[in-house]
Amino acid sequence: MVFALLDLYSSVEHLSALLAKAGKVFAAFDAQDSGCWSAGVEADDGQRWFVKLAGTSAGESAMRRVQELHRQVRHPSIIPVVHSFACADGLVNIYPWADGDVLYHPTTDARPDRTLATHPMACFRSLPLPRVETALDTVLDAHQAICAAGWVAVDFYDGCLLYDFGTHVMRLIDLDEYRPGPFTVPGDRLPGSSRYLAPEERRHGALVDERTTVHALGRMLRLLMDGGDMEADWRGTPAQLAVVTRATDPDPSRRQPTVSALRETWHGAGRA
């Protein structure tokens, strides 16, 4: 019913007017460094949705691309696009609402301190290690499915991770920059966090393929299996650290060749 209502008025109305018809906005995210505007909306039937608007041509291209990713890849931890439409303000994607905290949530005017005890990143790092490992394995498993469908992770970082501290469920969000691979870097560098970017992502014309995704996931393991933000308090085993070191080797040819191989060696290096 909500989607039919949105489609009925979408071509001529602004998003704010459409959302007022569809239900109640209970959360707004209007200072995202991506330039997109997002909101949580509760419909009259009680269902909650995450609504994301791209008002730029680059943002619209990314949101169309992620629609195709969600058509090709289904995984329980990946929150899917369930509807899309164009309104007077631009392209809109709609996702089911999921409770949880984004592990890192930068905005246009602030970079949160990940070391504060109340920050989601610090809270995640303070969890018992088995819970951390289970959550991170969910991310590895999801990327096995993504890579099996021929896609490469781009702009993956801890801002793509939504963790529910009540249910201890990890979900993936904001995969708009993911692309079919392999491909070559079209400009000076790809978008992404400097903490996660592989060397080839910073070089015009360099090849980006599944080994680049292995690097991104290796950085995730290194950063989120650590007790702090300085990469000086490794909580895993020495064998796991060796797996991470290989995954993040500057030379792609020396990394695990696939996400499946990374996950297999990661499992083998854990505690008995």
Side-chain angles (χ1 to χ4, degrees), residues 25-40 50 52-54 59 62 77-79 95 97-140 142-143 153-178 189-199 201-202 213 215-236 240-241 244-245 247-248:
V25 175
F26 63 86
F29 310 95
D30 56 1
Q32 306 311 294
D33 60 356
S34 66
C36 295
W37 183 90
S38 305
F50 180 79
K52 185 172 184 178
L53 166 71
S77 71
I78 300 175
I79 303 175
Y95 303 76
W97 178 266
D99 291 326
D101 293 284
V102 179
L103 293 191
Y104 187 60
H105 196 180
T107 60
T108 54
D109 58 357
R111 291 293 183 270
D113 186 348
R114 293 183 294 269
T115 66
L116 291 176
T118 56
H119 191 279
M121 177 68 78
C123 293
F124 183 81
R125 285 171 167 158
S126 68
L127 291 171
L129 196 55
R131 286 205 186 278
V132 172
E133 291 179 305
T134 297
L136 299 185
D137 187 60
T138 296
V139 181
L140 296 178
H143 281 85
V154 178
D155 195 20
F156 170 79
Y157 73 121
D158 26 62
C160 299
L161 304 178
L162 180 75
Y163 189 72
D164 189 327
F165 287 93
T167 62
H168 298 289
V169 171
M170 178 72 89
R171 296 181 178 89
L172 276 73
I173 61 171
D174 197 18
L175 309 183
D176 294 12
E177 291 293 342
Y178 282 39
R189 57 162 274 175
L190 291 174
S193 165
S194 60
R195 295 174 296 131
Y196 280 78
L197 281 175
E201 294 181 274
R202 307 169 188 258
T213 302
H215 183 282
L217 295 172
R219 288 298 296 153
M220 175 196 72
L221 295 171
R222 183 63 189 89
L223 290 162
L224 300 187
M225 285 283 290
D226 203 276
D229 217 35
M230 302 302 293
E231 300 183 39
D233 185 19
W234 177 250
R235 300 179 68 198
Q240 285 176 321
L241 186 57
V244 168
T245 300
T248 56

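Just so you know, these numbers use all the heavy atoms, side chains as well, and skip hydrogens, waters and symmetry mates.
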Drop me the distance from [X]'s [atom1] to [Y]'s [atom2], to the nearest 0.5 angstrom.
| X | Y | atom1 | atom2 | result |
| --- | --- | --- | --- | --- |
| Leu190 | Asp155 | CG | CG | 9.0 Å |
| Thr213 | Leu140 | OG1 | CG | 11.5 Å |
| His215 | Leu197 | NE2 | CG | 8.5 Å |
| Glu177 | Leu175 | CD | CG | 10.5 Å |
| Ser77 | Leu172 | OG | CG | 5.0 Å |
| Arg222 | Thr245 | CZ | OG1 | 8.0 Å |

Name all residues meeting the ring-ring contact (aromatic ring centres under 6.0 Å, His included) criterion together with Trp97; count only those two or more places apart in sequence or in a different chain, and write none if there are none.
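Trp97 satisfies ring-ring contact (aromatic ring centres under 6.0 Å, His included) with Phe26 only.
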For Phe156, ring-ring contact (aromatic ring centres under 6.0 Å, His included) partners two or more places apart
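Residues passing ring-ring contact (aromatic ring centres under 6.0 Å, His included) with Phe156: His143, Tyr196.
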With side chains defined as the heavy atoms from C-beta onward, is the minimum distance between Leu161 and Leu224 less than 4.5 Å?
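They are in side-chain contact.
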Would you call Asp174 and Lys52 a side-chain contact if the rule is heavy atoms closer than 4.5 Å?
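Heavy-atom side-chain distance check passes, below 4.5 Å.
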Can you name the nearest heavy-atom pair linking [X] to [Y], along with the distance?
| X | Y | answer |
| --- | --- | --- |
| Ala98 | Ile79 | CB-CD1, 3.5 Å |
| Phe50 | Ser38 | CZ-CB, 3.3 Å |
| Trp234 | Leu221 | CZ3-O, 3.6 Å |
| Leu103 | Pro120 | CD2-O, 3.9 Å |
| Gly218 | Val244 | O-CG1, 3.5 Å |

Using only atom types and a distance under 3.5 Å, with no angle test, would you say the side chain of Arg219 pairs donor to acceptor with the backbone of Tyr157?
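It does not hold such a pair.
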According to the salt bridge (Lys or Arg N to Asp or Glu O under 4.0 Å) rule, which pairs have a member within residues 114-136, sequence neighbours left out?
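Found Arg114-Asp229, Arg125-Asp229.
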Quick one: list whatever passes side chain to side chain contact (heavy atoms under 4.5 Å, CB included) with [X], sequence neighbours left out.
| X | answer |
| --- | --- |
| Thr167 | Asp164, Val169 |
| Arg235 | Leu129, Val132 |
| Ala135 | Phe124, Tyr163, Met170 |

Going by salt bridge (charged side-chain N to carboxylate O under 4.0 Å, His left out), name the residues that satisfy it together with [X], two or more places apart in sequence or in a different chain.
| X | answer |
| --- | --- |
| Arg195 | Asp158 |
| Arg171 | none |
| Asp233 | none |

Test side-chain hydrogen bond (donor to acceptor under 3.5 Å, both in side chains) applied to Thr138 - qualifying residues, sequence neighbours left out
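Partners of Thr138 under the side-chain hydrogen bond (donor to acceptor under 3.5 Å, both in side chains) test: none.
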Please enumerate all residues that pass side-chain hydrogen bond (donor to acceptor under 3.5 Å, both in side chains) together with Thr115, with sequence neighbours excluded.
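Scan of Thr115 (side-chain hydrogen bond (donor to acceptor under 3.5 Å, both in side chains), adjacent residues dropped) gives Asp113.
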